[in-house]
2 protein chains.
Amino acid sequence: MLETERHEKILKLLKEKNTVKIHELVELTASSESTIRRDLTYLENRKFLKRVHGGAARLQGKLQEPSMIEKSSKNHQAKQKIAKFAVGLIEEGDSIYLDAGSTILEMIPHLPENIVVVTNGMTHLPLLLEKNIRTYLIGGFVKPSTKAIIGRDAWASLQHYRFDKCFMGVNGIHPHFGFTTPDQEEATIKELAISLSREAFILADDSKFTEVAFAKIADIEAATIITNELERDIEKQYEEKTVIKVVTS
Amino acid sequence: MLETERHEKILKLLKEKNTVKIHELVELTASSESTIRRDLTYLENRKFLKRVHGGAARLQGKLQEPSMIEKSSKNHQAKQKIAKFAVGLIEEGDSIYLDAGSTILEMIPHLPENIVVVTNGMTHLPLLLEKNIRTYLIGGFVKPSTKAIIGRDAWASLQHYRFDKCFMGVNGIHPHFGFTTPDQEEATIKELAISLSREAFILADDSKFTEVAFAKIADIEAATIITNELERDIEKQYEEKTVIKVVTS
DNA sequence: TTGTTTTTGATTAAAATTGATTAAAAATGA
DNA sequence: TCATTTTTAATCAATTTTAATCAAAAACAA
């Protein structure tokens, strides 16, 4: 049985019964106890359930459905591909900066183990720790909406590090206005992270191109762009300024 | 039957009947009397019911089903009282440091809104943000087991702040050896936090007294102790060295 | 195909939960 | 009141569950 299939079954049963025993799941899915245990840890890390002694319980905060649906959207497919490609650029022993944000989050499951990660995204932590990756969080103000760490202190805190590579998402990419994002404070952090890295990579699906958001992060020249399919004429506008990697399926 | 499952059944029956006998629950859940007793103690600690001779009764005040998300810890009751008292010391406009740890976590639901919080405990964030409290996280290495932020960088990051009050838990309190904790790196952070605060408070239930752990945080004189009931002679050993507040129920 | 990575299942020692047993405490009834 | 019965808390051994390893199997890539 496929891993995803098991996960779905587990969640389905959990939804019906509010609580499931490991043994029930072993029967239901005809897999070993070890596998079910791994599935449960996996699902718990992603906030789909709470593990309890002997099984798992549904969590009341029930943020359940939406993210499952989210994962099947086509936008998500693109993000996945881009993220996976980006991870391919990382080498063993690298120290990298991972920006907060959902695209970057997709990179984490594919990361190699023996690297050092610095991030400003609190939401990345559970998965990073699950993968046993040595992780540093920068300090500063916690932005309530996104749980990203920003502000003066974050800026100062980030100064302590140097990176082989950094990866980040943006809201707008424009030949003239460069990389942009709606929040000025976040832009400042991103800009600094880029300047502290030997190489910088911007992950963005095609919807971000020719868009401009409020706060400028950097010029196009400052980073390599990783994106999914892109019309040839748009691509041309950028390839004379920087490297642009188009991930083909 | 799963522990969680039993708890749900117990509460359900209690809701219907307003009062249940131990024997009824033994039958209902097909578990032993010992187990049911333990369940009742647990549920009473979390304020889900009141134990009475021979069974349990529904509590009048409020009956809360929603937050049945189980928190694990032994002396929940004592911690609650201590935490609540500690919050009473905070004044509007204060800037405070909240150490990582489960006792301190209990303070958060009771905190006033217009304060500024700095913390090294990632696990505190969801609750803090839910309460709309302005929160700063210090930067540094994320300790996988506890998700506390520690290390050199944490130390440097913490230096950026000053506090009106700081609150922390410890593992050992001893008249001669002072406050101690098992992890050297955590001790360093705690020590610094204390020195950055106008007033420092140690929250500890009675089990921590006369215990000594590996790494020293500070001398007894450095902080006010908040605890639950304490034998008079033990209390005496400390009260000549510092202020010790005993929270009586 | 071959070699490499990922997933799986079995094994084990450690940890947590359970149920039985006990002595102490609380309720009951004369 | 006191003796009797019921309930409780505390302890401990037995059982169950868990996390951690590791080798086999499967999936994948060259």
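Please read all numbers here as calculations on a predicted model, not as lab measurements. Numbers restart at 1 for each chain; the letters A, B, ... are given by sequence-line order, proteins then strands.
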| task | Could you list the residues that satisfy salt bridge (Lys or Arg N to Asp or Glu O under 4.0 Å) with Lys216(B), not counting sequence neighbours? | result | Asp219(B)
| note | Separation of dT5(C) atom C1' from His110(A) atom NE2, nearest Å, is 15 Å
| Excluding sequence neighbours, so at least two apart, what forms ring-ring contact (aromatic ring centres under 6.0 Å, His included) with Phe177(B)? | His174(B)
| field | Aromatic contact, Tyr42(B) with Phe48(B) (centres under 6.0 Å) | value | no
| task | Round to the nearest Å and state the distance from Glu24(A) atom CD to dT17(D) atom C1'. | result | 15 Å
| task | Verify, without hydrogens or angle tests, whether Arg58(B) (side chain) and Lys15(B) (backbone) share a donor-acceptor contact under 3.5 angstrom. | result | yes
| said: I'd like to check the salt bridge (Lys or Arg N to Asp or Glu O under 4.0 Å) partners of Lys131(A); sequence neighbours left out, ordered by chain and number. | reply: none
| field | By ring-ring contact (aromatic ring centres under 6.0 Å, His included) - contacts of Tyr97(A) (at least two apart) | value | Phe163(A)
| query | How many Å lie between CZ on Arg37(A) and C1' on dA14(C), as a whole number? | reply | 13 Å
| said: Suppose we screen for ring-ring contact (aromatic ring centres under 6.0 Å, His included). Which residues come up paired with Phe85(B), at least two apart in sequence or across chains? | reply: none
| query | Who passes salt bridge (Lys or Arg N to Asp or Glu O under 4.0 Å) against Lys21(A), sequence neighbours left out? | reply | Glu5(B)
| message | Taking any heavy-atom pair under 4.0 Å as a contact, classify Val52(B): base, sugar-phosphate, or nothing. | response | sugar-phosphate
Dump every N/O contact between nucleotides 25-30 of chain D and the protein below 3.5 Å, one line per pair.
none

| remark: Here the distance between atom P of dA16(C) and atom NZ of Lys21(A), to the nearest Å, is 21 Å
| remark: Once base and sugar-phosphate atoms are separated, protein heavy atoms under 4.0 Å mark nucleotides 17-30 of chain C, 5' to 3', with B, S and - as SBBB-----SS---
| request: Note the angle between the end axes of the helix from dT1(C)-dA30(D) to dA30(C)-dT1(D), five pairs defining each, rounded to 10 degrees. | output: 40°
| note | salt bridge (Lys or Arg N to Asp or Glu O under 4.0 Å) filter on Glu199(A), not counting sequence neighbours, yields none
| field | Nearest-Å distance for atom pair CG/P, residues Leu40(A) and dT8(C) | value | 13 Å
| request: Check the distance between dA16(C)'s P and Tyr42(B)'s OH and give it to me in whole angstrom. | output: 15 Å
Let me check something: any side-chain donor-acceptor pairs from residues 87-95 of chain A under 3.5 Å, sequence neighbours excluded? List them with distances.
| unit_1 | atom_1 | unit_2 | atom_2 | d |
| --- | --- | --- | --- | --- |
| Glu91(A) | OE2 | Lys165(A) | NZ | 3.4 |
| Glu92(A) | OE1 | Asn114(A) | ND2 | 2.8 |
| Asp94(A) | OD2 | Glu91(A) | N | 3.0 |
| Asp94(A) | OD2 | Lys165(A) | NZ | 2.5 |
| Ser95(A) | OG | Arg162(A) | O | 3.2 |

| request: Quickly work out the Leu25(A) CG to dT18(D) P distance and round it to whole Å. | output: 11 Å
| Quick one: salt bridge (Lys or Arg N to Asp or Glu O under 4.0 Å) pairs with a partner in residues 118-128 of chain A, sequence neighbours left out? | none
